[in-house]
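In what follows, a structure is listed as structure tokens, so that the remarks can point back to it.
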Amino acid sequence: ALKTGITSIYCEFEDPRKYRQAVQKIRSKAQSPNIFVAPPRITKPSENWILEQVRNSNADGYLIRNYDHLKFFAEERCIGDFSLNVANALTADYFKNGFHLQRLTASYDLNIHQLQDLLKTSPPEWYEVTIHQHIPMFHMEHCVFCAFLSDGTDFRNCGRPCEQHEVKIKDRVGTEHVLQADAGCRNTVFNGTAQTGAEYVHKLVELGLQNFRIEFVNEKPQEVEQTIYRYQQLLNGEIKGSQLWRELKLQNQLGVTRGTVVG
């Protein structure tokens, strides 16, 4: 990603202690991008030590994913993540003006029509839209790594197999969905096929949207570089959205369904 000229990089690592190393690596570059790091999506009352590890990285900013994060990182530069579920102008105003977040990530529930309505009913500069992603389909307390790759019962005696092994879950049609653990030993299942809203990018730009996010899960460096380059071409008007999703073999869809919010 550092080779592509991207101006902001978000990191979400299983081990938050590695954020410090990532920050140092990025800042060692001559023209370093901003680096934002993400705490786990769920925070229990006894897990503030994880948030301390995240903050000790001294990143440029933090992805805010729940109310505990809003309080803990209140004095920091913050961007609201998709899990705040900002799906309408009222919710956007509550988070943007009530907690002084730099930007808000639009809810993954929104289809293109609902997203357009959101940009028309509140300032488009408030938002960023994830235009390429492996949708996080399931988030659970149960740790598959511990249950199937260890004789232990929790992080104290499991041997941390999540740090050495890659696990995928195959569905009925043969698609292998990626499983990832976080610092709290919770697991997320990511859709094995990335989806894109590339065909809608220019409509969103016309409405004033300025910030787009591309998310990767387990892609190889060459895939990351190629994908970012194609989106840069798209934003520069050098290729069409249909060309991008066909070439990269992506699912052509924005949001998780046709839309769950009725207008």
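Computed from a predicted model, the values in this text were never measured in an experiment. The figures here come from the full heavy-atom set of this structure, side chains too, leaving out hydrogens, waters and symmetry mates.
- Taking the charged nitrogens against the carboxylate oxygens, Lys44 and Glu141 do have a contact shorter than 4.0 Å, which makes a salt bridge.
- Residue pairs that meet the salt bridge (charged side-chain N to carboxylate O under 4.0 Å, His left out) test with at least one member in residues 19-41, sequence neighbours left out, are Arg27-Asp60.
- For Phe13, the ring pair (Phe, Tyr, Trp, His ring centres under 6.0 Å) criterion is met by Tyr19, not counting sequence neighbours.
- Within the 4.5 Å cutoff, the side chain of Arg103 has no heavy atoms near those of the Trp126 side chain.
- Note on Ile42: it does not cluster hydrophobically with Met137, by side-chain heavy-atom contacts below 4.5 Å among ILVMFWY residues.
- With Arg230 as the fixed residue, the salt bridge (Lys or Arg N to Asp or Glu O under 4.0 Å) test singles out one of Glu238, Glu223, Glu247: Glu247.
- Remark: Leu207 engages Gln116, Leu119, Lys120 in a side-chain contact (heavy atoms from CB on, under 4.5 Å) (not counting sequence neighbours).
- A heavy-atom distance below 4.5 Å is not found between the side chains of Thr7 and Asn34.
- By the ring pair (Phe, Tyr, Trp, His ring centres under 6.0 Å) test, Phe73 pairs with Tyr62, sequence neighbours left out.
- To the nearest 0.5 Å, atoms OG (Ser107) and CZ (Phe82) are separated by 9.0 Å.
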Let's go through Tyr229 and Gln233 carefully: what are the C-alpha distance in whole Å and the side-chain angles of both, what is the deciding distance for side-chain hydrogen bond (donor to acceptor under 3.5 Å, both in side chains) to 0.1 Å, and is it a yes or a no?
CA-CA 6 Å; Tyr229 176 62; Gln233 286 185 306; 3.3 Å; yes
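- For Thr130, the side-chain hydrogen bond (donor to acceptor under 3.5 Å, both in side chains) partners two or more places apart in sequence, or in a different chain, are Tyr108.
- The two atoms that bring Gly184 and Glu47 nearest to each other are CA-OE2, 4.4 Å, heavy atoms only.
- In this structure the side chain of Phe138 never reaches within 4.5 angstrom of the side chain of His177, judged on heavy atoms.
- A 4.5 Å side-chain heavy-atom check between Val189 and Met140 finds at least one atom pair inside the cut-off.
- Scored by the ring pair (Phe, Tyr, Trp, His ring centres under 6.0 Å) test, Phe216 finds His132 as partners (sequence neighbours excluded).
- The line from SG of Cys185 to CZ of Arg156 is 10.0 Å long, rounded to the nearest 0.5 Å.
- Under the ring pair (Phe, Tyr, Trp, His ring centres under 6.0 Å) criterion, Phe155 pairs with no residue, sequence neighbours left out.
- Contacts of Glu14 classified as salt bridge (charged side-chain N to carboxylate O under 4.0 Å, His left out), with partners at least two apart in sequence or in another chain: Arg160.
- Here the OG1 atom belonging to Thr105 is positioned 4.0 Å from the CD atom belonging to Glu128, to the nearest 0.5 angstrom.
- Taken from OG1 in Thr4 to OH in Tyr231, the straight-line distance is 13.5 Å, to the nearest 0.5 Å.
- The structure places CG of Asn191 at 7.5 Å from CD1 of Ile135, a figure rounded to the nearest 0.5 Å.
- Here Leu63 is tied into one hydrophobic group with Tyr10, Phe36, Ile79, each link being a pair of ILVMFWY side chains closer than 4.5 Å.
- When side chains are defined from C-beta on, His69 does not count as touching Phe72, because their heavy atoms never get closer than 4.5 Å.
- Sorted pairs that involve residues 82-91 and meet salt bridge (charged side-chain N to carboxylate O under 4.0 Å, His left out), not counting sequence neighbours, are lacking altogether.
- Side-chain contact between Leu51 and Arg55 is absent, with no heavy-atom pair separated by less than 4.5 Å.
- When side chains are defined from C-beta on, Pro33 does not count as touching Ser8, because their heavy atoms never get closer than 4.5 Å.
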side-chain hydrogen bond (donor to acceptor under 3.5 Å, both in side chains) between Asn157 and Thr153: does it pass, once the steps are laid out?
CA-CA 6 Å; Asn157 56 22; Thr153 55; 3.2 Å; yes
Step by step, would you call Glu219 with His134 a side-chain hydrogen bond (donor to acceptor under 3.5 Å, both in side chains)?
CA-CA 11 Å; Glu219 285 83 353; His134 294 264; 2.6 Å; yes
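- Cluster partners of Phe190, using a side-chain heavy-atom cutoff of under 4.5 Å among ILVMFWY residues and allowing indirect links, are Val178, Val217.
- Closest heavy-atom contact between Ile131 and Ala198: CG1-N, 4.2 Å.
- Grouping Ile, Leu, Val, Met, Phe, Trp and Tyr residues whose side-chain heavy atoms lie under 4.5 Å apart, directly or via other members, places Trp49 in a hydrophobic cluster with Ile50.
- The side-chain heavy atoms of Phe99 and Leu84, taken from C-beta on, include no pair separated by under 4.5 Å.
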